[in-house]
Amino acid sequence: MPGDVAFMEKLVALCKRRGFIFPSSEIYGGINGFWDYGPLGVELKRNIKNAWWQDMVVNPPNGPDGNEIQMVGLDCSIIMNPKVWVASGHATGFSDPMVDCKACKARFRADQFRVVALTADAFSDTAAGSQTFVFSGYGARDEVLEANRKKVEKIAKAQGGDNVLEIRTFLDVRPSARAFVPCPECEQRGHLTDPRSFNLMFKTFVGAMEDASAEAWLRPETAQGIFANYKNVLDTSRVKIPFGIAQIGKAFRNEINPRNYTFRSREFEQMEIEYFCRDEDSMKWYEFWRTTRYQWYVGLGLKSEKLRLRDQTKEELAHYSRACADIEYLFPFSDEHQELEGCAHRGCFDLTQHMQHSGADLNYFEEELWAKFLAERKARGEPELTKDQKSEIAGKPPYRYLPTVIEPSAGADRATLAFLCEAYTEDQKPDAKGAMQTRVYMRFHPRLAPIKAAFLPLVNKDGMPELAEKLYRDAKKHFNAFYDDSGAIGRRYYRQDEAGTPYCVTIDGDTIGATNAQHPGTVTIRDRDTLEQVRVNHTRVIDWLREKIGV
RNA sequence: GCGGGCGUAGCUCAAUGGUAGAGUAUCAGCCUUCCAAGCUGAAUGUUGUGGGUUCGAGUCCCAUCGCCCGCUCCA
């Protein structure tokens with residue numbers, strides 16, 4: 001859908017011009033689906049990732065019971081044992097065979113492409129038998145039958161029975177018979193391609209020999225590294241359920257068609273939490289993370305109605321998933337909301353899969369609960385359990401079990417793009433000559449702003465540059481600051497507006513104690529959004545800024 | 001992958017098939033006491049890339065790459 005193309009073009013131009021985002025390998029003509037962050041962009045994205053780490057790992061909010069949340073970090077390798085992706089389902093689920101119709105240009109997933117024939121021979125026999133393909137359809141088996149009900153009834157009547165039709169997917173059609181299958185869209189025969197595999201995983205080779213035994217994959221998500229290390233974390237960090245493991249890292253997907261600026265990139269960065277809890281508490285934790293994560297975006301400035309929290313419908317849920325909420329943003333390139341983050345209730349699907357495929361015991365044992373159970377028995381004077389009885393009881397819930405997982409999985413690049421879109425603001429104001437000018441400014445939350453403050457001598461004389469530079473160097477000990485002494489003051493303010501710098505500190509005659517100074521020793525601090533200025537003594541300006549910025 | 005559009009200086013755009021230019025931004029200097037276009041000077045291009053037609057191609061033709069829009073796809 002079109003969205004606001006003009007807005008998007010202006011934002012993309014600003015990002016390029018000011019050094020937020022560049023196309024990857026641009027001097028070689030670029031490469032579709034890959035992007036680089038420039039000097040301002042890297043600060044913005046790092047601030048977003050740091051805010052996430054600070055707010056989710058270092059100092060997360062209290063949980064629903066009011067207790068401190070246990071959260072530890074992790075940084076896993078991008079390439080893992082290929083068996084990981086078999087266990088997770090990505091090896092099969094990520095690879096879809098597609099069929100194209102060369103006549104009408106339609107494309108179909110071969111496993112959703114239903115071919116209906118009069119006889120089973122059509123699928124397995126010679127070309128002659130294939131003449132009995134009567135029609136085809138796209139979607140679930142029942143949908144296809146429903147959509148073609150009249151045809152089905154007519155055939156049933158002619159054949160004198162009910163279950164006369166053979167329905168299989170295109171994958172079951174013999175290569176020699178494919179030419180006789182009609183296209184679900186245009187119904188023409190003989191224009192369908194062979195099923196071609198669209199594998200969304202990036203393949204690589206471990207070691208210098210590129211043979212099949214060396215095949216490996218770049219991870220399509222960071223989550224599996226967490227599951228694979230779940231036991232290690234449990235054994236080394238003294239965490240107890242409920243607890244979370246968090247990770248920020250790159251992931252790779254061979255998107256069929258990267259589009260919409262950095263939104264659908266082939267290399268991207270995720271910020272993921274796997275939160276492990278008891279199954280009976282899981283919906284409570286799901287609700288907690290769902291709102292906590294939504295509020296996190298709001299608190300950092302994504303507060304317009306463009307941000308929304310949407311619960312997935314039953315039909316959208318993966319088969320193992322009990323609930324999932326998407327945090328979505330209405331980007332200017334689309335008139336539909338797009339996903340920034342998914343908060344999924346994954347049950348114990350992932351740990352079950354990895355336990356089965358790896359053979360490792362990933363069960364959690366409730367030591368405290370077990371000790372309590374034994375103590376209570378003793379207190380009641382009940383006879384001591386035998387070794388066999390103990391292992392029987394201790395081996396099952398509630399003492400030994402696979403925890404349930406809540407997964408808030410956020411896209412760092414998508415969040416960065418959303419914050420960029422939300423920040424972009426234009427307004428009209430008169431310039432020094434009274435002509436109306438468009439002012440463009442990036443309204444970043446101070447925590448996210450690439451540059452927190454700029455230090456500007458009003459004129460380059462009388463010691464103003466020297467004092468401005470001293471303040472600038474003091475400020476840099478605490479936060480990212482900028483010094484600029486070139487050009488008219490208005491022009492310098494404007495440059496900082498485009499970079500999204502929340503505060504500009506100007507050193508003027510009053511600061512250096514000029515004879516007619518009304519407020520000796522003070523600088524002016526200009527607010528990016530309101531354009532209002534306050535005077536603060538130059539000895540207090542760093543503290544003033546630190547308090548405002550929160551560093 | 002298909003269809004349509006676009007590629008000239010960092011950016012915005014000029015240039016009948018005949019010497020590639022302007023504005024802006026950048027840099028150096030001057031001038032400047034608060035909201036981008038004050039003065040002087042400097043630097044800036046294999047016209048996306050590769051072929052072809054032509055005495056001569058930014059311009060015409062072909063191919064290719066990239067971007068934008070639509071379709072398709074999106075575990």
[atom1] gap between [N] and [M], integer Å:
| N | M | atom1 | answer |
| --- | --- | --- | --- |
| B:G5 | B:A22 | C1' | 26 Å |
| B:U72 | B:G58 | P | 41 Å |
| B:G10 | B:C2 | C1' | 35 Å |
| B:C30 | B:G17 | C1' | 46 Å |
| B:C71 | B:C13 | C1' | 32 Å |
| B:A9 | B:G21 | C1' | 10 Å |
| B:A57 | B:U47 | P | 12 Å |

Would the A:F263 and A:Y261 ring centres measure less than 6.0 Å apart?
no

Can you measure [X] atom [atom1] to [N] atom [atom2] for me and round it to whole angstrom units?
| X | N | atom1 | atom2 | answer |
| --- | --- | --- | --- | --- |
| A:D527 | B:C35 | CG | C1' | 13 Å |
| A:R17 | B:U26 | CZ | C1' | 14 Å |
| A:L14 | B:A36 | CG | P | 17 Å |
| A:F34 | B:C67 | CZ | P | 11 Å |
| A:D485 | B:C27 | CG | P | 10 Å |
| A:R491 | B:C27 | CZ | C1' | 13 Å |
| A:R266 | B:G66 | CZ | C1' | 13 Å |
| A:N260 | B:G70 | CG | P | 8 Å |

Under 3.5 Å donor-acceptor, [X] side chain and [Y] backbone:
| X | Y | value |
| --- | --- | --- |
| A:R540 | A:T522 | no |
| A:R219 | A:M80 | no |
| A:Q270 | A:T222 | yes |

Looking at A:Y493, is A:R526 sitting on its ring face, NZ or CZ under 6.0 Å from the six-membered ring centre and within 45 degrees of the normal?
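The answer is yes; both the distance and angle limits are met.
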
For [X], answer base if it contacts any base atom (sugar-phosphate contacts may also be present), sugar-phosphate if it contacts only those atoms, and nothing otherwise; contact means non-hydrogen atoms under 4.0 Å.
| X | value |
| --- | --- |
| A:L458 | base |
| A:N460 | base |
| A:L531 | base |
| A:R492 | nothing |
| A:S486 | nothing |

Within the 3.5 Å criterion, strictly below it, is a donor on [X] or [Y] matched to an acceptor on the partner's side chain?
| X | Y | result |
| --- | --- | --- |
| A:D508 | A:T511 | yes |
| A:E274 | A:Y230 | no |
| A:D326 | A:Q312 | yes |

Donor/acceptor link under 3.5 angstrom from A:R526 side chain onto base of B:C35:
yes

Polar pair under 3.5 Å, donor/acceptor by atom type, side chain A:Q533, base B:C34
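Donor-acceptor pair under 3.5 Å: yes.
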
Just compare B:U26, B:C34, B:C68 and give me whichever is closest to any side-chain atom of A:R495.
B:U26

Residue A:V459, side-chain heavy atoms: nucleotide from B:C34, B:C68, B:U33 that is nearest:
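The closest nucleotide is B:U33.
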
Mind pulling the stems RNA chain B is in, i.e. runs of at least three Watson-Crick or G-U pairs, everything under 3.5 Å?
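Stem list for RNA chain B: B:1-7 with B:65-71, B:10-13 with B:21-24, B:26-30 with B:38-42, B:48-52 with B:60-64.
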
Of A:M8 and A:R264, whose nearest nucleotide on RNA chain B comes first from the 5' end?
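Comparing both residues, the 5'-ward one is A:M8.
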
5'-most by nearest nucleotide on RNA chain B - A:G490 or A:F268
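Checking each residue's closest nucleotide, the 5'-ward one belongs to A:G490.
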
With sequence neighbours left out, what residues match A:K250 under salt bridge (charged side-chain N to carboxylate O under 4.0 Å, His left out)?
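By the salt bridge (charged side-chain N to carboxylate O under 4.0 Å, His left out) rule, A:K250 matches A:E267.
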
